Amino acid sequence: MSVLAMTVVSVQDHPNADVLRIYRFDAPGVAGLVVIANEEHTYAVGDVVAVARVGAELDPRTTVRRVRMRGIDSFGTPLGLVDARPGEDLTDRYCKRSPSASEGVFAKWASIEQLHGLRFELQGRLEATGEPLPRVTYRAKIKVDGTNAAVHALPDGFAAQSRTRMLTPEEDNYGFAAWAHATEQLDWCASLHARMGRAVVHGEWCGTGIQKRTAISRVGRKVFAAFAVQLGDPSRETTRLVVDPERLRALLPEHPDVFVLPWHGEPTVLDFADAEGLRQAAQRIDAMVAEVEATDPWVAEVFGLQGLGEGVVLYPVEGVEFDDEGTADRDRYTALMWKAKGEEHRVNEQKRPAQLDAEVARGVEEFVALMVTPARLEQGLAQVAGGVMQMRHMGDLLKWVGQDVHEESAAELAAAGLEWKQVAKAVQKAALQWFRARASE
């Protein structure tokens with residue numbers, strides 16, 4: 001049910017934009033859906049509106065995504081007033097034809113915030129909608145230094161993707177699709193689809209030849225380290241996530257190149273309304289990251305190698321709603337995840353891995369120095385070009401860097417008193433200068 005008839009239950013002006021309104025919609029089984037719209041879409045409390053939720057494919061070029069609009073997340077798009085009962089499924093009326101079972105529909109993994117960015121977003125929601133600051137229990141998984149990848153389980157086989165596109169052995173990313181096709185070890189995808197329906201296994205493709213600095217780069221081969229499985233057809237329903245390692249192991253095959261990332265360390269409670277408790281919890285995560293960066297414990301245990309680790313990703317285990325199968329609404333769940341990297345891997349200049357507040361840049365130049373770092377640029381080059389420095393990749397890299405900084409800098413922009421339009425050109429210029437200098441080497 002990608003498009004639902006929903007009732008407007010509240011309307012308010014966006015605190016950071018005069019032309020935007022924040023709506024909350026309800027329908028049977030769906031409560032408090034936050035949607036931000038401009039003045040072209042104006043509704044009143046009590047109106048019944050067709051709402052396209054995240055994942056709805058309205059036409060071949062338009063898929064509804066969770067978007068951040070001036071510091072607040074929007075989880076859908078209003079499509080107009082309708083004469084329908086709240087909760088009625090309007091997908092067939094508004095969406096394009098669902099893809100055939102043999103097609104892999106690109107399923108981008110969510111952009112995961114750092115702690116200060118998540119705290120900034122939660123505070124923005126409190127101020128804009130009155131949504132209370134949550135109390136969440138987290139478990140950590142090691143953040144493996146590789147390249148994001150995923151496998152789609154389809155009725156007649158599988159499809160492979162990177163963070164940015166679908167892959168084939170001819171149009172690949174560090175050999176991930178070629179590995180999947182050559183090993184033929186993904187025959188289990190059809191059986192997984194038969195049991196669970198449309199499913200996407202998200203993980204990190206890592207090992208020799210992908211990154212250079214960390215322990216995982218010395219394992220002597222490439223491996224796939226899974227951290228989540230997404231269930232559901234995003235063109236017709238809200239997708240859900242499985243993240244618990246034991247549940248993931250039950251879904252995935254036994255194969256020497258396929259691993260499930262386990263929990264690392266003890267649970268950590270973050271009460272975002274308790275500043276002192278939050279500070280203490282952040283200090284514990286800082287200590288955890290320091291240990292991981294010194295020696296990646298997962299690589300040491302599994303492969304017997306000592307060396308640099310990247311950091312951790314924090315997954316909610318309490319304070320979010322799970323169903324009886326242990327799955328959670330993908331977008332609501334990932335909106336509470338966060339990451340903490342060691343000093344060698346941070347893509348913006350900050351003092352600590354689990355920092356509570358954004359660094360304050362004094363002007364555009366300092367903002368660019370804060371956000372456009374060599375680590376971010378190297379990450380971008382790996383994502384768009386497999387780490388290969390060629391002039392034909394310059395445009396793709398500049399686009400990626402601009403989007404990445406824009407997505408991750410809401411807290412930094414607010415702290416500096418800047419808007420994106422004031423820094424966008426300077427971000428592009430810095431990325432271009434780096435690319436030209438790197439290419440000349």
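Along the sequence shown, residues are numbered consecutively beginning with 1. Only a predicted model underlies this, so the values are computations on that prediction, with no experimental measurement involved.
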Practice item. For residues I72 and I22, determine if any side-chain heavy atom of one lies less than 4.5 Å from a side-chain heavy atom of the other. Key: yes

Exercise for review: To the nearest 0.5 Å, tell me how far S217 OG sits from D145 CG.
Suggested key: 7.5 Å

Check your understanding: Got a salt bridge between E246 and R249, using NZ or NE/NH1/NH2 to carboxylate O under 4.0 Å?
Key -> no

Practice item. Mark yes or no: K222 above the aromatic ring of W179, with NZ or CZ under 6.0 Å from the six-membered ring centre and no more than 45 degrees from the axis. Key: no

Check your understanding: Does any donor atom in the side chain of T147 or N173 lie under 3.5 Å from an acceptor atom in the other side chain?
Key -> yes

Exercise for review: State whether D404 and R376 are salt-bridged, where the test is any N-O pair (Lys NZ or Arg NE/NH1/NH2 against Asp/Glu carboxylate O) under 4.0 Å.
Suggested key: yes

Review point. So do H152 and F106 actually touch side chain to side chain, heavy atoms under 4.5 Å?
Key: no

Point to revise | Worked check of salt bridge (Lys or Arg N to Asp or Glu O under 4.0 Å) between D73 and R125 | key: CA-CA 8 Å; D73 284 347; R125 292 181 207 168; 3.3 Å; yes

**Study point:** I142 side, atom CD1; L261 side, atom CG - distance, nearest 0.5 Å
**Key:** 8.0 Å

Exercise for review: Check whether any side-chain heavy atom of R53 sits under 4.5 Å from a side-chain heavy atom of V64, and report yes or no.
Suggested key: no

Check your understanding: Do V35 and T77 come close enough that some side-chain heavy atom pair is under 4.5 Å?
Key -> no

Mind listing the side-chain donor-acceptor pairs of residues 130-139 below 3.5 Å, one per line with the distance, residues two or more places apart or on another chain?
{"residue": "Y138", "atom": "OH", "partner": "L336", "partner atom": "O", "Å": "2.7"}
{"residue": "R139", "atom": "NH2", "partner": "G265", "partner atom": "O", "Å": "3.0"}

Exercise for review: Measure the acute angle between the ring planes of F259 and W298, then classify it against the limits of 30° and 60° as parallel, tilted or perpendicular.
Suggested key: perpendicular

Check your understanding: Are the side chain of R438 and the backbone of Q433 linked by a donor-acceptor contact shorter than 3.5 Å?
Key -> no

Per-pair distances, 0.1 Å, donor-acceptor, side chain in residues 412-429, under 3.5 Å, sequence neighbours excluded:
{"residue": "E412", "atom": "OE2", "partner": "H116", "partner atom": "NE2", "Å": "2.6"}
{"residue": "E412", "atom": "OE2", "partner": "N348", "partner atom": "ND2", "Å": "3.3"}
{"residue": "Q422", "atom": "OE1", "partner": "E419", "partner atom": "N", "Å": "2.8"}
{"residue": "Q428", "atom": "NE2", "partner": "L398", "partner atom": "O", "Å": "2.8"}

Review point. Can you tell me how far CH2 of W338 sits from CD1 of I285, rounded to the nearest 0.5 angstrom?
Key: 4.5 Å

Point to revise | Residues E344, R213; criterion salt bridge (Lys or Arg N to Asp or Glu O under 4.0 Å); working and verdict | key: CA-CA 9 Å; E344 293 288 326; R213 297 178 294 171; 3.6 Å; yes

Study note, to complete from the structure: Taken in chain and number order and not counting sequence neighbours, the residues that satisfy side-chain contact (heavy atoms from CB on, under 4.5 Å) with A369 are none

Check your understanding: Any side-chain heavy-atom pair from R330 and W109 closer than 4.5 angstrom?
Key -> yes

Revision key, fill the gap. Taking every heavy atom of F120 against every heavy atom of G71, the minimum-distance pair comes out as CE2-CA, 4.2 Å

Exercise for review: Flag the pair P316 / Y333 as yes when at least one side-chain heavy-atom distance between them is below 4.5 Å, and no otherwise.
Suggested key: yes

Check your understanding: How about V201 and Q230: do any of their side-chain heavy atoms sit closer than 4.5 Å?
Key -> no

Practice item. Any chance you could measure R240, atom CZ, to D331, atom CG, to the nearest 0.5 Å? Key: 11.0 Å

**Study point:** Approximate separation, where rounding is to 0.5 Å, of L314 CG and M337 CE
**Key:** 8.5 Å

Review point. Taking it one step at a time, do E310 and Q211 satisfy side chain to side chain donor-acceptor pair (under 3.5 Å)?
Key: CA-CA 11 Å; E310 182 176 359; Q211 302 292 356; over 6 Å; no

Exercise for review: Might you work through the ring pair (Phe, Tyr, Trp, His ring centres under 6.0 Å) test for W205 and F224, ending with a clear yes or no?
Suggested key: CA-CA 5 Å; W205 180 235; F224 183 56; 7.1 Å; no

Review point. Can a salt bridge be assigned to the pair E293 and K341 using a cut-off of 4.0 Å between side-chain N and carboxylate O?
Key: no

Check your understanding: If you measure from OG1 on T168 to CD on Q161, what distance do you get to the nearest 0.5 Å?
Key -> 13.5 Å

Check your understanding: Do the charged groups of E359 and K351 touch, with an N to O distance under 4.0 Å?
Key -> yes

Practice item. Kindly indicate whether the side chain of V223, heavy atoms from C-beta on, has any atom under 4.5 Å from the side chain of F303. Key: yes

